[in-house]
Amino acid sequence: MTDELLVIRCRLGERDALAQLVRQWHEPVLAYVRRMLGPAHAEDVAQEVWLAVLRGLPRLRQPERFTPWLFTIARRVVVNRLRAEYARPEVPGEAADRAVPDHGDLVADRDEVARHLGALPAREREVLILFHLADLPLETCAEICGAPVGTVKSRLSRARRMVRAAIEAEGDVR
């Protein structure tokens with residue numbers, strides 16, 4: 001069953017539809033929160049997200065946009081927890097969309113990337129999680145982050161370089 005149909009059924013008061021929606025999306029939300037904040041508070045924050053979803057579901061005007069809406073809520077809760085880190089200004093010129101070679105031959109698996117996420121700045125960590133680990137398209141990532149697609153691309157490129165450098169420093173890439 002599609003998310004859109006589940007959302008509509010939830011708005012009609014069907015508890016089974018809500019349970020199915022939570023079952024379907026709880027793990028991706030929890031993974032996003034865990035990777036952004038670490039495992040210590042992930043369950044509590046994920047519960048905050050679902051509470052906000054439950055409260056906001058009746059006001060969701062476009063049920064077909066459930067996924068970006070859900071991750072936008074998750075992002076808002078995470079940002080509230082990481083307010084100090086997100087408050088730091090970006091280094092001038094970082095957000096500019098500039099051509100940077102992406103060495104596709106240096107491919108790391110998800111476990112290697114996940115191991116190095118904690119060292120990334122919040123903005124880069126977030127976009128890397130949304131794009132590569134949650135498998136969301138760039139446009140959806142941009143919508144969730146409230147940033148232009150070009151900015152998301154540059155953050156993603158910077159995050160890849162930072163993770164690649166960390167892996168190379170460990171001697172994992174041959």
Side-chain angles (χ1 to χ4, degrees), residues 3 6-7 10 15-60 63 65-91 94-95 108-147 151-167 169-170 172:
D3 293 341
L6 286 172
V7 168
C10 287
R15 289 178 188 237
D16 291 340
L18 179 62
Q20 188 172 347
L21 204 57
V22 171
R23 264 193 312 274
Q24 184 172 324
W25 284 102
H26 181 70
E27 201 50 48
V29 167
L30 183 61
Y32 168 74
V33 170
R34 187 181 308 119
R35 288 177 175 134
M36 286 298 295
L37 299 174
H41 304 289
E43 279 292 337
D44 291 340
V45 173
Q47 291 304 318
E48 281 182 53
V49 170
W50 286 109
L51 251 159
V53 166
L54 188 58
R55 288 182 185 134
L57 211 48
R59 294 184 305 276
L60 177 59
R65 305 286 303 145
F66 177 76
T67 302
W69 179 78
L70 170 64
F71 278 96
T72 300
I73 290 172
R75 180 181 192 267
R76 191 175 313 123
V77 174
V78 166
V79 167
N80 285 340
R81 296 284 177 118
L82 293 174
R83 188 150 315 276
E85 198 171 340
Y86 272 92
R88 273 192 319 211
E90 288 189 70
V91 175
E94 278 187 352
D109 67 16
R110 285 180 180 229
D111 292 333
E112 286 179 310
V113 171
R115 229 177 357 156
H116 296 285
L117 282 175
L120 295 177
R123 289 180 179 101
E124 286 75 10
R125 181 171 61 234
E126 173 180 53
V127 76
L128 190 71
I129 291 167
L130 291 172
F131 185 76
H132 283 294
L133 303 177
D135 295 321
L136 296 175
L138 274 174
E139 294 76 18
T140 303
C141 294
E143 185 178 336
I144 292 166
C145 295
T151 300
V152 169
K153 285 180 180 178
S154 67
R155 288 178 186 168
L156 187 58
S157 176
R158 196 168 36 260
R160 288 175 181 152
R161 284 193 316 270
M162 294 169 89
V163 168
R164 187 177 310 107
I167 291 172
E170 281 186 352
D172 290 343

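Interatomic distance, Arg65 CZ to Asp3 CG, rounded to the nearest 0.5 Å: 12.0 Å. Going from atom CE of Met162 over to atom CG of Leu120 covers 5.5 Å, rounded to the nearest 0.5 Å. Distance check: Lys153 NZ to Cys141 SG gives 12.0 Å after rounding to the nearest 0.5 Å. Rounding to the nearest 0.5 Å places CG of Leu156 at 6.5 Å from CG of Leu128. With values rounded to the nearest 0.5 angstrom, Arg59 atom CZ is found 8.0 Å from Trp69 atom CH2. Between Leu54 atom CG and Gln47 atom CD the span is 11.0 Å, to the nearest 0.5 Å.
Using a 4.5 Å cut-off on side-chain heavy atoms (C-beta onward), Glu27 and Leu30 make contact. Using a 4.5 Å heavy-atom cutoff, the side chains of Tyr32 and Arg75 are in contact. Side-chain contact check for Leu130 versus Glu126: some heavy-atom pair is nearer than 4.5 Å. Side-chain contact between Ile73 and Val29: absent, with no pair of heavy atoms (C-beta onward) separated by less than 4.5 Å. Between Val7 and Leu60 there is a side-chain heavy-atom pair separated by less than 4.5 Å. Taking the side chain as every heavy atom from C-beta outward, Trp25 and Phe71 approach each other to under 4.5 Å. With a 4.5 Å cut-off on side-chain heavy atoms, Phe131 and Leu136 do not count as touching.
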For this session: Any chance you could lay out the side-chain contact (heavy atoms from CB on, under 4.5 Å) test for Arg155 and Thr151, step after step, and finish with the verdict?
Result: CA-CA 6 Å; Arg155 288 178 186 168; Thr151 300; 3.6 Å; yes
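Pairing each heavy atom of Ala17 with each of Cys10, the nearest pair is C-SG, 3.6 Å. Across all their heavy atoms, Leu82 and Ala122 have their closest contact at CD1-CB, 4.4 Å. Among all heavy-atom pairs drawn from Ala166 and His116, the shortest one is CB-ND1, 3.5 Å. Nearest heavy atom pair, residue Leu21 against residue Trp50, reads O-CH2, 4.0 Å. Here the closest heavy-atom approach between residue Ala46 and residue Val33 is recorded as N-CG1, 4.4 Å.
Salt bridge Arg158/Glu124: present, at least one basic N to carboxylate O contact under 4.0 Å. Here Glu48 pairs with Arg81 in a salt bridge; the nearest charged N to carboxylate O distance falls below 4.0 Å.
If you check the side chains of Arg161 and Ser157, you find a donor sitting under 3.5 Å from an acceptor.
Within 6.0 Å of NE2 on His26 lie more than 12 heavy atoms contributed by other residues, nucleotides or ligands.
Between the side chain of Arg125 and the main chain of Met36, a donor-acceptor pair closer than 3.5 Å is present.
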